[in-house]
Structure formats: C-alpha cells, structure tokens
Amino acid sequence: MAATKDRFKKQREVVSWSRFFWCTLFVVLSCVLFTGFTFSTFRLIFGETPVVVFKWRAPAMESKSGASPLTPSISVRETVILPDQALVLLNYPPSGRLFTKDDLDCVYLSANPSWRELRKPPVGVDGDNDYQIVRCVVPPRGFTVSLASKSDGHVSAGSHTQLWNSLVYEALIDRDNTTVVFVKGLNLRPERLGRFSRYECVYGWDFKRPKFMLRSDVVSVAQEIVRCKTPLSVLSDSPLRMMNNSIKVSVRVKGRGTFDSIARPYPGLGLGLRLRSEHDPPARKEHEMCVCTMLRNQARFLKEWVMYHAQIGVQQWFIYDNNSDDDIENLIALLSKANANYNITRHVWPWIKTQEAGFAHCALRARDTCEWVGFIDVDEFFYLPSGLVLHDVLQNQSRYSYVGEVRVPCYSYGPSGLNDVPPQGVMVGYTCRMAISERHKSIVRPEALNSTLINVVHHFHLRDGFEYVNVDRGVLAINHYKYQVWEVFKEKFYRRVATYVADWQDDQNVGSKDRAPGLGTRAVKPPDWSSRFCEVKDTGLRDQVLRNFADPETQSLPWQLA
C-alpha cells in the first residue's frame with residue numbers, strides 16, 4: 001500500500017513539472033512572437049547578462065464614434081492651448097501631402113449635445129514632412145478643438161489637450177548622448193542653476209502609468225532647459241529606438257509630479273559623436289559667421305536685413321518663426337532662389353515667450369556648421385565703422401584660443417523725426433540715436449558654450465577655459481532700430497517673445513530696458529514720439545549703405561526692388 005502511494009506521488013510530481021515546463025515554453029514563445037522580445041537586443045543595450053524585456057506598445061489613438069481621420073494615414077498628435085491660439089499638431093507620413101489653410105476647418109466640439117458644432121478657418125498652417133502645426137482660434141469655454149477636411153467634412157479623432165503654462169514642449173538628443181529637454185513652467189531664476197537632484201527625466205507614452213516609464217538622472221537644470229542622461233535603450237537599435245517617433249520625454253519634479261509633454265527626443269545633433277576636448281586640433285566649420293534670430297511678423301524688414309549682412313560676411317541665417325502670419329516662408333524661398341549665398345533656414349517655433357530657449361536650441365543646431373553665431377533681432381544691424389567685414393574682426397579674435405564670445409555694444413535709434421516708414425529702409429531712414437550704449441549683443445563660438453546653455457538673449461555662459469572680450473565701438477557696433485515710427489513700434493511690442501520680459505501693456509518690469517522710457521504701459525502715441533530718443537546724430541551706417549549698395553543713377557537700394 002505504501003509502495004502504491006509512493007508511485008502515485010512520483011507520478012503526480014512528473015505531471016506537475018511537465019505541465020510547468022510546457023506552460024513556461026508557451027509563455028516564452030508567445031513573448032518572442034507577439035512582443036518582439038530578443039536577448040541579443042538587450043545584450044546590445046546593456047552589454048551584460050540578458051534580461052527579459054518586452055517591446056513597448058504605444059497606446060492606441062482613441063477614435064471618435066462615427067468620425068473618420070482626415071485621411072487613413074494622418075492623425076492628430078497633440079493639441080496645445082496657448083493664450084491666444086490653439087495649436088493642433090498632426091502626425092505626418094513621409095509621403096503625405098502637406099495641408100494648406102484651404103484644406104482644413106478648425107472644429108469646436110462640446111460634450112453638451114444641445115450646443116451645436118462650430119467651424120472656423122485656421123489662423124495658419126506650418127510644418128514639414130515630420131509634422132504639421134495647425135493654428136486655430138482658442139476654443140470657447142466648454143469646447144474642445146479638432147480638425148475637419150473640407151473635401152469630405154470628416155472630423156479627425158481628438159487628442160489630449162495640453163495647457164501651455166506647464167508643458168515639456170521640445171527635446172533633442174545632443175552629440176554627447178544627453179537629452180536636452182525644454183520645459184515651460186519650471187519658473188527658475190534667470191542665469192541661475194537649479195538643484196538637479198530634485199528632478200529626473202522620464203521616457204514613455206503615458207506618464208500617468210509609472211510601470212511603463214524609463215527613468216534617467218538629470219545632469220543640469222537652468223531656466224527652461226533640463227539636460228539628462230539618455231537611456232541606452234532609447235539610443236541603441238532597440239525596439240524603443242525604432243519607435244522613437246512616438247516615445248516622449250518628460251521631467252518629473254520629485255515629490256510634486258510629472259509635467260505633461262508633447263516632446264519627442266529627436267536624435268538630430270550628431271548622435272554618438274563625442275564633444276571636442278580642449279586638446280583636439282580645431283576643425284574648421286563650413287561657415288565662419290552665422291546669425292540666429294527669432295521673429296514674428298517681420299517679413300517686410302527681412303530683405304534688407306539679409307541682403308546687407310550677406311555683404312559684410314554672414315553666410316547662414318537661422319530664422320526661428322514665432323507664429324508669423326505674414327507669408328514669411330514664401331519670402332525666404334524667394335530670397336534663397338534669387339541668390340545662392342542666402343543660406344536661410346526657417347524653423348517653426350510656435351512657443352511664445354521662449355526666446356532664451358529658442359536661442360539655446362539654435363546654438364545646438366548651428367554648432368556643427370558655424371564657427372561663430374551672432375544672436376540679433378531683425379531690427380539690429382552689425383556696423384563696421386572702419387569698412388572691414390565680419391571675417392576680419394573674427395579672425396583677429398580667433399588668434400586667442402580662449403575667446404569664446406565677442407560682446408558688441410548696441411546703440412538704440414529713435415524715429416529720427418519721421419512719421420512714416422522710410423522707403424529706403426531702416427539703415428538709411430533712422431539716423432538719430434541714444435548717446436550711451438544700452439546693452440551688448442554677442443557673437444559666440446557654439447563649441448565654447450556651457451552645457452547648461454544658460455543665456456539671457458544678450459550673452460551665454462561659457463565653458464571653463466573660455467572667456468568673453470568686449471569689442472571697441474570703432475571696430476564693430478550694432479545699430480538697433482528699436483524705436484521706429486509709431487506704426488512699427490506698437491506692432492513690435494504687441495507681444496514680446498522673451499521669457500522674462502512682460503508684454504509691454506502689462507504693469508510689470510516697468511523699469512526694464514526692453515521698454516520705451518517714459519511710455520508706461522498704454523498703447524497711446526505720445527505727441528512728441530517722432531523726436532524722442534534723439535541725442536546723437538549718427539549717419540555712419542547710412543553713408544556706408546548709400547555708397548556701397550545704392551544704384552548710381554536711381555539711388556535705389558536692392559531691398560526696394562520687387
């Protein structure tokens with residue numbers, strides 16, 4: 001009887017282990033077939049003992065009942081509500097046809113069935129084959145915004161709506177394999193480092209589900225920029241890396257929560273390349289001198305700015321377009337077509353009051369092609385009183401390997417007695433300025449910038465071993481046509497782009513140099529506006545321009561021509 005029990009017990013153990021083996025094999029095979037698990041991938045990622053990992057799947061896009069997407073392959077990626085506009089970001093396949101304003105309607109939907117659907121034309125459409133941004137009027141209270149195709153009337157599937165005051169909005173992978181993350185809502189002090197130990201970066205699709213997030217350490221945090229270590233599984237040729245068009249990065253403030261995010265970490269800046277050390281021989285870049293600017297509705301001044309600076313040595317222009325609706329993209333295309341030397345790149349940058357962040361982004365983009373980059377506005381013009389060109393000045397400064405920044409004095413010009421826009425352009429029309437330099441603007445070596453990318457528009461912080469130099473006004477200055485005729489001035493200050501400067505109508509920072517002295521916060525033209533800000537008559541740049549650019553017979557200038 002005992003022997004029978006022992007045989008039965010052994011048989012039961014054999015059956016149990018057999019079932020366990022076949023169940024385990026079934027689970028493993030299912031993982032391999034359906035989740036994309038591979039040991040080789042993880043050996044590539046970690047270089048250590050393989051660990052089971054499952055291919056992450058992005059959450060499926062929710063579809064509205066009875067609605068169809070604009071086309072089978074186009075969908076709404078994100079919606080962001082700015083103070084004056086709603087941005088609807090569309091995913092776009094490489095073969096997709098880009099939409100125009102005539103193709104779309106902004107559709108305003110309400111959960112209340114008694115409120116009817118509203119439709120309005122877009123304010124503008126921007127973007128490229130990666131994604132398009134459709135700018136719509138801000139939805140009324142109680143409504144959400146989506147899009148409809150005018151050709152068939154079908155409303156696209158909605159998306160989660162993000163608020164602009166607290167949002168991770170851009171990210172890119174730098175060439176040292178860190179991720180540079182741009183965040184609205186950190187509220188850190190300008191030119192000050194934050195405590196990076198309070199933060200961490202997270203990667204995933206849904207930041208409300210911690211199990212499906214990768215976490216990484218923060219290296220530095222300052223102003224609107226967080227730099228963090230990029231997980232190897234995002235960098236390597238892994239399932240995560242292959243899905244990088246949908247994985248997002250965000251920032252978690254320890255003890256407070258995670259920011260909403262629309263930012264995908266694009267590897268567009270020399271992924272895998274190491275930073276050049278101070279012992280490496282200098283490598284010459286394609287361009288000696290480039291400029292970067294951020295603008296909004298400044299197309300009518302762009303021709304003069306580009307044509308003049310091309311003659312004095314600028315070789316590439318990075319234009320960060322902050323929601324212009326004055327057809328600037330077509331003007332840039334015409335300029336580039338007219339002259340091969342006008343190497344102009346327009347970058348759509350819809351994020352309001354982020355000039356410092358935009359310039360940091362631009363510095364990274366320009367680093368591989370530009371020895372020097374000047375950060376100036378389209379109403380600011382380099383002036384070389386001695387008749388030199390920018391190359392001469394920069395070559396002189398390049399003799400000193402420690403020079404990472406050239407600071408140029410900036411002089412503000414007033415309306416110079418004019419009431420109407422000068423037909424020959426700002427350089428010829430405005431000839432009366434303030435006596436004292438108001439501030440400086442900088443020309444920097446992108447390689448010399450501190451990794452935090454701290455800047456206050458006028459200058460950046462430099463890496464250890466680099467210093468700035470002040471250039472003499474007799475060698476190089478900037479003519480800043482800041483206080484133009486009233487028609488132009490009130491448009492320019494309608495909405496500022498700088499992070500730490502209030503709109504000029506707001507009762508904040510009234511003593512700031514970015515305001516017009518004595519004007520206050522009211523958009524009312526002073527009776528003596530045309531004669532203000534005139535302390536020194538200075539026709540130096542005007543005389544140079546007429547001598548070097550004007551037609552001998554008609555005295556017309558190149559930027560006046562159609």
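Looking at Leu476 and Leu390, their side chains come closer than 4.5 Å, going by heavy atoms from C-beta outward. In this structure the side chain of Phe196 never reaches within 4.5 angstrom of the side chain of Val219, judged on heavy atoms.
Ring orientation note: the planes of Tyr483 and Trp529 are nearly perpendicular, at an angle over 60° on the 30°/60° scale. Using the six-membered ring where Trp is involved, His347 and His361 have ring planes that are tilted, between 30° and 60° apart.
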Take Trp559 and Phe301, measure what ring pair (Phe, Tyr, Trp, His ring centres under 6.0 Å) needs, and give me the verdict at the end. CA-CA 9 Å; Trp559 41 87; Phe301 302 114; over 10 Å; no
Full working for ring pair (Phe, Tyr, Trp, His ring centres under 6.0 Å) between Phe460 and Phe375: CA-CA 10 Å; Phe460 283 79; Phe375 294 87; 5.0 Å; yes
Evaluate the criterion ring pair (Phe, Tyr, Trp, His ring centres under 6.0 Å) for residue pair Tyr402 and Phe466; output intermediate values, then yes/no. CA-CA 5 Å; Tyr402 63 85; Phe466 288 94; 8.9 Å; no
Please evaluate residues Val426 and Gln484 with respect to the criterion side chain to side chain contact (heavy atoms under 4.5 Å, CB included), reporting the C-alpha separation (whole Å), side-chain torsions for both, the decisive distance (0.1 Å), and the verdict. CA-CA 8 Å; Val426 297; Gln484 298 186 33; 3.7 Å; yes
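Contacts of His309 classified as ring pair (Phe, Tyr, Trp, His ring centres under 6.0 Å), with partners at least two apart in sequence or in another chain: Trp305, Phe381, Phe382. Annotation: side chain to side chain donor-acceptor pair (under 3.5 Å) contacts of Asp392 (sequence neighbours excluded): none.
The environment of CG in Asp543 is crowded: more than 12 heavy-atom neighbours from other residues, nucleotides or ligands sit within 6.0 Å. Counting non-hydrogen atoms of neighbouring residues, nucleotides and ligands closer than 6.0 angstrom, the NZ atom of Lys254 exceeds 12 such neighbours.
Not a single donor-acceptor pair under 3.5 Å links the side chain of Ser216 to the backbone N or O of Cys228. Distance alone, capped at 3.5 Å, is enough to place a donor-acceptor pair between the Asp326 side chain and the Ala299 backbone. Side-chain atoms of Thr554 come within 3.5 Å of backbone N or O of Ser556 as a donor-acceptor pair. Using modelled atom types, no side-chain atom of Ser412 and backbone atom of His480 make a donor-acceptor pair closer than 3.5 Å. Of the possible polar contacts, none joining the Ser530 side chain to the Leu418 backbone as a donor-acceptor pair under 3.5 Å is found. Judged by distance alone, with hydrogens and angles left aside, the side-chain atoms of Gln316 form no donor-acceptor pair with the main-chain N or O of Val291 at under 3.5 Å. Of the possible polar contacts, none joining the Thr345 side chain to the Phe318 backbone as a donor-acceptor pair under 3.5 Å is found. Looking at Glu286, its side chain never comes within 3.5 Å of a backbone N or O of Thr369 through a donor-acceptor pair. Side-chain N or O atoms of Trp317 include none that pairs as donor or acceptor with a backbone N or O of Arg346 at under 3.5 Å. Looking only at distances, a side-chain donor or acceptor of Gln223 sits under 3.5 Å from a matching main-chain atom of Glu191.
Comment: Glu78 engages Arg264 in a salt bridge, judged by a side-chain N to carboxylate O separation of less than 4.0 angstrom. In summary, Glu380 and Lys441 engage in a salt bridge, as defined by a charged side-chain N under 4.0 Å from a carboxylate O. Ion pairing of Glu487 with Arg300 is present here, as a side-chain N (NZ or NE/NH1/NH2) and a carboxylate O approach within less than 4.0 Å. Arg227 and Asp217 are not joined by a salt bridge, as no carboxylate oxygen comes within less than 4.0 angstrom of a charged side-chain nitrogen. Glu224 has a carboxylate O that lies under 4.0 Å from a charged side-chain N of Lys184, or vice versa, which qualifies the two as a salt bridge. A salt bridge is defined here as a Lys NZ or Arg NE, NH1 or NH2 lying under 4.0 Å from an Asp or Glu carboxylate O, and Lys285 with Asp368 fails to meet this definition. Salt-bridge check for Asp84 with Arg135: failed, with every basic side-chain N at 4.0 Å or more from each acidic carboxylate O.
For the atom pair Asn323 CG and Ile352 CD1, the distance stands at 8.0 Å (nearest 0.5 Å). Interatomic distance, Ile312 CD1 to Leu388 CG, rounded to the nearest 0.5 Å: 11.0 Å. The line from CG of Leu302 to CG of Leu295 is 6.5 Å long, rounded to the nearest 0.5 Å. Within the model, atoms OG of Ser220 and OH of Tyr199 stand 11.5 Å from one another, a figure rounded to the nearest 0.5 Å. We find the CZ-CD1 distance between Arg407 and Ile478 to be 12.5 Å, quoted to the nearest 0.5 Å. The structure places OG1 of Thr293 at 8.5 Å from CD of Gln298, a figure rounded to the nearest 0.5 Å.
With Tyr411 as the aromatic partner, Arg473 meets the cation-pi criteria of under 6.0 angstrom to the ring centre and within 45 degrees of the ring axis.
Closest of all the heavy-atom pairs between Ala366 and Val373 is CB-CG2, 3.7 Å. Nearest heavy atom pair, residue Tyr342 against residue Leu335, reads CD1-O, 3.2 Å. In this structure, Tyr430 and Pro422 approach most closely via the heavy-atom pair OH-CD, 3.3 Å. When all heavy atoms of Val249 and Ser261 are compared, the closest pair comes out as O-OG, 2.5 Å. Minimum interatomic distance between Gln560 and Gln555 (heavy atoms only, all atoms of both residues): OE1-O, 4.3 Å. For Ile262 against Gln162, the heavy-atom pair with the smallest separation is CG2-CG, 3.8 Å.
With hydrogens and angles left out, the side-chain atoms of Thr539 and Thr431 include no donor and acceptor closer than 3.5 Å. With hydrogens and angles left out, the side-chain atoms of Asp528 and Ser531 include no donor and acceptor closer than 3.5 Å.
Taking the centre of each ring, Tyr169 and Trp164 come in below the 6.0 Å mark.
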